[in-house]
Structure formats: C-alpha cells, structure tokens
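Worksheet for the structure shown next.
Quick caveat: nothing in here was measured; it's all calculated off a predicted structure. Order of the sequence lines sets the chain letters (A, B, ...), proteins ahead of strands, with each chain counted from 1.
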Amino acid sequence: MGTKRDRVFMSQDDRERYEKLKQEAVGRGRDSKELFLLAVATGLRNQVRRPLETRHEFVRTEYFNDRDMALLHAAAVSETGDLNVIGDRSAVLDVAEEYAHAGIRLLADMIDGSPHEGFEKAFEKELYEAHRATNGAE
Amino acid sequence: MTDDGELRRETLEAVRSACASDETLRKFLVDLLCEEAEHPGNWRWKEPYTQRIAETATEWAKQNED
Amino acid sequence: MRIEQISIANYRQYEEVEIEFPPGDAADLHLLIGENGTGKTNLVNAITWCLYGDEPHLSRASSAVARPNTGVVDAASDGDRVSVRVELVVDTGRESPLTFRREETYRISCGEEGQPNLNVPVLEGTEFVVIRREEGDAEFLDGEEAEAQVERFVPKGIRDFFLFDSERLDQYFREATAQSIRHAIFELSRIDLLERVSKHLDTICTEFRRKTRKESPQLEEAERELEEAEKRRKEAVSRVGTCRGEITTARQKFEECRKELEGIEHASELERRRGEVEATIGRKRQAREEKAQQKAGLLLEHGVLAGFLPSVERLVRSIRDKRDSHEIPPAIAVSALEESLAQAICELCGQPLSVEAQNRVRSLQEQMEISAEVSLALLSMEGYLSQVSERAAGFEDDMRRAAEDLRDLDTDLTELQSELAEIDRKLVGMDTARVRELVRQRGKFDNMHNDAQQRLGQFQVQQRLADERLEKAKEAYESELKRTKKVGTLRDQIAFCQRAVGAVDEAKQGLMASTRSDIQAGTTRIFRDLTWKQHTFERVWIDEDYSLGIVDPEGRERLGDLSAAERQLLALSFTLSLHEVSGFSSPILVDTPVARVTGDNRKRFAQVLGRLSEGKQVVLILTPDEYSPDVRECLAPMAATVRRLALDEHERSTRLVSMRDGN
C-alpha cells in the first residue's frame, strides 16, 4: 500500500486565485475543500492538468469524505487506466492536485474575463454548454 | 337707535302682538317699559312696579274672569 | 354715528397723538398704514380701553408692560405724575358731539427695592366720563350713565362686530357657535328692557306667592312645591341648553378635523400600508438572497459533478464489468492463502507446497490483498457513483427552477417597490404627525358629541318631567289659591303678574325671531351683493337653534366648503347685517383687514370695504404689505385720509405722517 498522505498541496500563486474565487457567489462561504474539488472538476472538464511549480499545504485529507474520495478515485482511475491506483492515495491526490492547479487558473481567468455579465453567469453558461455536449453526445 | 325715554318701535310692536286684545295688559307693560327706559342701571323699581300692579290687577282680573 | 377725533396721551406707544377723521366727499374711508410694532393694534386697544376699560387685542409682549408710555415714564423723576388719557369725540348726529374720555393717573416711583435705577409707574386713579355739550353747556356723565352712553354708541356685547381684526373675521365662523350668534341677536334685539321688566315682574310675583304661604298650610305647601318645581325646571332647561351647546361645539370641531383630514385621511392608512410593504420587501429580499445563495450552491455542486462525470461514468462501467466477470469480489479467500503459507501445505488440496509453489502463493496473496482492498473500495463507492449521473442530469432542471424562483421574487420586489414609491409620492407633503393628531382629535370630538347626545336625551327627559311637575304644581297652587278666600287680592295680583311675564316672554321670543329673520335676510342680501361668485351661493340661514349655514342653489349646505376669503366675507356680511338690523350706524374699525386673504381676493375684499365706506365710517389699519399696489389703487382714490404710523427716532413713540398732500 502507498504511504498515507494527509494533505493536498497547491502552487503558491494559486492562493490568490482561490481568494478571488471566494469573492464570487459560487465561492462565498465555501471551504477550501469544496473549492479544491471545483478546481479539480474544472481541470477535468477542460482536460488540462499542470504539475505544481511549488508545493504549499492546502487541504487536509481528513476533510475529504467518502463521496469526495470516490470522485477523486474516479478521476485517478480515468487518468491512469488502472483500477489499482485507488489503493495509492498519493497517486490519486497527485492527479487531483495537478488538475486543480490547471482548473483554478481557468476559473480565475473566467473571473477576470467576465466584468460585465459576471463570473456566475459565465460559469453557468459554460456548464450549460458542457451539459448539452454531454447529453448531445448521448 | 334708542335714546332716553324712547322705546324701539319693534319692542312696542312685539308687546302689542303678545298682549293680543288685552289692552289693560298692554298699557301696563308699556308703562313699565317706559319706566325702565328712563332708569338705566340700578333704580328703585319695586315701589313703582308694586303700585302699578295694585292699580291694575283687580280690574284686569274682573275683565278676564271666565 | 362717526368718530371725529381720537386723542391719545401717554398710552403705550402713543405719547401725544391726535387723529382727526374728516369725512370725505363720496366715502368716509380712512386708512392708517404701519409696520408691525408701530402701534396699529394698540390704536384699536386705545379705543376699546377708552370705551370699556379693557384691551382685548393686547399682544403678549404689551400685556407685560404697564400702560403709560415707557419714554415718558423713563424721563420722569421720582414722584412725578403721568396721566394716560384716551379721548374719543363722536358725532352722534345731534348738534354737538359726545366725548368719551378715560384717564388714568400714575405716580412715578424711582428706586424700588431690587430695581434702583428703574422708574415704575404706580396707578393712583381712574376716571371715565362722557361729556355732552349742548348749547354751550357741558354735561359730565359718569358711572352708569356714562356706560349707558357707551352702550348706545357701540354696545360692549357686540363690539366685536365694530372693532375687530382680520383674524377675528377669519375665526368667526370657525368658532361661531349657536350661542355666540344667539348672543349677538339677543344684544341687537335690544330686549334688555323687556328682560328687566320680566325679571322684576318675576321677582314681585315670587314675593306675592310667598306672602300667600301664611294663609294656610296647604297653600304654603303648594307654593313651596311650585317654587321648587320652577327651580328644577330652570335647572333642567339650563342643562339642556348647555348640553346643546356642547353638542354644537363638538360637532363643529369634529367637522373641522374631518375637513382638514379630507384628502389627507389616507395618510394614516398609507403609512400603515407602507409599513406592511416595507416589511414584505424585507422578507422578499431575504428570500431572494437565500435563493441566490442556493443557486450558487447548485452551480458549485453541478460544476463539480460536470467535471468528474466522464471519469465517474467510466469507473462505474469498469466496476460493473469487473462484477459481471466476477473479478470483484475476488473468488479466493485471503485467509486460505495465509494458512497455506503458514503450513507450507495447500489448503485446497492438502499437498505440501514446494518453494516455488510457496513463492507463487505469496505472489498471489500480494495481488489478492491489493485487489481485495481495491475491490472493496470499488464496491463501496459504486452506489454513490451510480447516482452522480442522475444528479448531474438534473442540472438544467435545477437551474431553471432556481431562475424561476428568482424571477418570481424579482417581480414581487419590483411590484412592491412600485407600490412603495406610489405611497411615498402620495405621502410627500403630508404632515403625518398632524394627521395623527387630527385623527386623535376627531375621535375625541366624536366621543364628546356622542356623549353629549346621550346626556341630552337624559336631560330632555328630565326637562319633560320638570315641565310636568311644574304644570302640576301650578295647577295645585292655583287650585289652592282659588279655594283660599283670604288671598283674594293677592290671587289677582299673582295671576296678573304671571300673565304679564308670559306676555313679555312672548314679546322677547317674537323680537328675537324677527331679528333673526332680518339678520338672515340682510346677511344673504349683502353676501350675494358682495361675493364674487354670484351663482354659487343662494341663501344664508340662521335656524331656530341659531346655527348658521349657507346653501347653494340646489339647497346643499356649503358652509364647510367656503374658502378663507369667502368665510371672511360671510362674517363681514353678517356683521353689516347686524349693523343694519340694530339700527346702529356706528363706525367699523378693522385691524389688518386683508392679511388673511391672498391673491386677487385681497383686491376684492378691499373693494368691498371701500364700497362699505360709502354708507358708514370705515377705518382700516393696514400693514405696508397689505397696502399693495392693487389695494392702494382701489382704496386710495376714495379715502378721505391716508396716514402712516411710524416710530420716532428713539423707537419709543408713534407718530402719524400724512401720506397725502393737504391732509
């Protein structure tokens, strides 16, 4: 079994991006874990992952519940093609971190790039497009 | 507008109307009104009144006996 | 009758002033113009003080100051005497005029305790005389004789109809009660002589009756009962009268409140509604905020689900595939492998395990432990992962529902804001504190009215009972009188007196009714003649209860609808009608006559007063503001005199300045 990691990391410049996200309605009042998962999901949705340039402590893994872990496992399995990656927590979290690192940048860019309609509207629009793409594909 | 010793015409008319055909009564009242008009303010009225009543009442009672 | 001259010495602002009022050719109009503080109102006070000994128009500031002119007082030495004097010379239409003179003498005291440097006037004496000069002789009347002359000039009881200011006019019909109109008509009817006769006859009658008491016990009892019944009836009548007055007053006050509230009545209702709307807006805003947060929460949730969805779906498919192929859960029990290694004997077949076999088992064990843990994990997450698709599929519905809810709330908020704006628009300019006070007062007067109505009913019953008792007592007494032979002469005298009192009372009522009718007709005629709205008002009426009203051609009561100017005009018409009916040709003196009238109505009112002066003496005391170009244009050409009141350089004394050459 892999060693048990007790936290996920982020890159230093991501701190400011998460702060920016917290100012938005979507992020207001949310904890770091929820924002981390959103960042992971955004990276996944756009199929972009980036290695961390620096490693700063972010979220303790004890805050992830079984459902959160199920999602992270799914992402890791999908990325590696190996079901057994589920047994390697470190590998699962590495995948998540890199997707999150890319994802938070995308989110921050969306915040900066939507002064008129607002981030929330732009984000909702993107989700609609993704949803339709998924349903259309089905 | 009244002056000393004069009564208003309207007052005399009102008395005449109220006394109807009772001439004794009318004269009696006009007499008293003249006395009052001549004596504005406080004056010794009781004697003149009592005297006139005494002079007139019996005759009036006889005239008005039913 | 007209005032020829007013002489004032040391009265308030007037140190030494003589004002003459020569009649004009066409009109007997006299104008006095002065700023506030120059002594306009104190000129009226001077006249009323001279005639009646009081100063009803005194301002609060003046009432705190003694009557003698302060300049004269301050210039005097200790022990000096200062005389305050006002003299009115009145043309009565006879050969020689009457002079009304009132004089007060003051001793100046200097160095009073606590006020060492202040001269204080101390009143020493007052004198009021009326001087009648005929054929070179002067007759001095004082006391009651002097007062009788005043009563013939301008009776005190109705002086407010001869010497008044515009405020009095304006308020007259606000406060006019049946009682005050009755009082004016009573005074004018000159039934004072009849009143005296009635009172004296009544007194004598009572004395005659009391004399009969000693003739027999029954007579005494009957007479006492009669006297008591009369007393009770008088009290009952008085109570009914007072109560009626209270009802009228309460009704008038109620109407005033109601009238003022009309048009702003909704303010209280609007305020209440405003509060409700504000509270609802607050709740809606909070609901909207919560809904917006919910929507943001949904976006976050779906944002996460949308990202993970493809991975989740793939994993779910893998899990199903592994289960279908029985790879999960694993077929071999881990414990069997552990036991086999421990014993070096295969748990399945019981054969000893070679080294190679043990290594294979060990490798199998390792694969299976990882796989078992993973397989357990996969199985445990399968349930939740299977729901993710379904949850993610609900994104559009969730968003649509959230958007609809937000839209509904936004619509509600917009409507409420509109309603609030509309309420505020209506409330602007409303003095809601005044509204609350008016509503409170209206309620109070309504209660007073209802309360008085109830009491009136009771009092009327009591009066009826008192009437019945009195009738019975009268019958009983007269019956007893007839029976008692000894009282023969007294009986006749009593009967005669009673009949005489009855006739006098009847004459009084007749005169009052006649006067009332004449004043009603006169007021209507004068008002219609003077009003600028010829077709709006038909008739003024004064009913038997002495309530005053005015009706339009359709017979609708319109007193409450009169504007301020019309109300003053009605009051003036009533006043002039009183003059006519009374036969008094006394002058009218009006302080600030058009102050309460605005715009074009000022000129109209001035025209009315100007026309009035063609038939009687009219003295108008105006402020410069009132004496505007419009008013001046109307009055100046017909005025016999136009003068200005001005304070001297020390501002202690008023003087007169002619505003016209030759006057």
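The neighbour count for E437(C) CD, taken as heavy atoms of other residues, nucleotides or ligands under 6.0 Å away, is above 12. Other residues, nucleotides and ligands place more than 12 heavy atoms under 6.0 Å from the CZ atom of R7(A). The number of heavy-atom neighbours closer than 6.0 Å to CZ of R105(A), taken from other residues, nucleotides and ligands shown, is 12 or below. Shown here is Q47(A), whose CD atom has more than 12 heavy atoms of other residues, nucleotides or ligands within 6.0 Å. Shown here is R50(A), whose CZ atom has no more than 12 heavy atoms of other residues, nucleotides or ligands within 6.0 Å. Other residues, nucleotides and ligands place no more than 12 heavy atoms under 6.0 Å from the NZ atom of K322(C).
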Intermediate values then yes/no, side chain to side chain contact (heavy atoms under 4.5 Å, CB included), S78(A) and L315(C)
CA-CA 7 Å; S78(A) 186; L315(C) 182 56; over 6 Å; no
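Atom CG of L127(A) and atom CG of D398(C) lie 11.5 Å apart (nearest 0.5 Å). Distance check, rounded to the nearest 0.5 Å: CD of E396(C) to NE2 of H131(A) gives 4.0 Å. Summarising the geometry, atom OG belonging to S311(C) is positioned 8.5 Å from atom CD belonging to E79(A); distances are rounded to the nearest 0.5 Å. Note that CG of L378(C) is 5.5 Å distant from CG of L83(A), once rounded to the nearest 0.5 Å.
When heavy atoms are compared at a cutoff of 4.5 Å, A75(A) approaches chain C by way of both its backbone and its side chain. Residue V26(A) touches chain C through both its backbone and its side chain, counting heavy-atom pairs closer than 4.5 Å. Heavy-atom distances place the side chain of R30(A), and not its backbone, under 4.5 Å from chain C.
Per-residue counts of heavy-atom pairs under 4.5 Å with chain A were compared for L299(C), V316(C), V312(C); the largest is that of L299(C). Interface check for chain C: of the options L44(A), N46(A), T42(A), the most heavy-atom pairs under 4.5 Å are formed by L44(A).
Applying a 4.5 Å heavy-atom cutoff, the residues of residues 300-308 of chain C that approach chain A are L300(C), H302(C), G303(C), V304(C), A306(C), G307(C), F308(C). Of all residues spanning residues 399-413 of chain C, those with a heavy atom less than 4.5 Å away from chain A's heavy atoms are M399(C), R400(C), arranged by number. Residues of residues 57-70 of chain A having a heavy atom under 4.5 Å from any heavy atom of chain C, listed by number: R67(A), A70(A). Close approach to chain A, defined as a heavy atom under 4.5 Å from one of its heavy atoms, is seen in Y384(C), L385(C), V388(C), A392(C) of residues 384-392 of chain C, taken by number.
Between Q293(C) and R28(A), the closest side-chain pair of non-hydrogen atoms is not below 4.5 Å.
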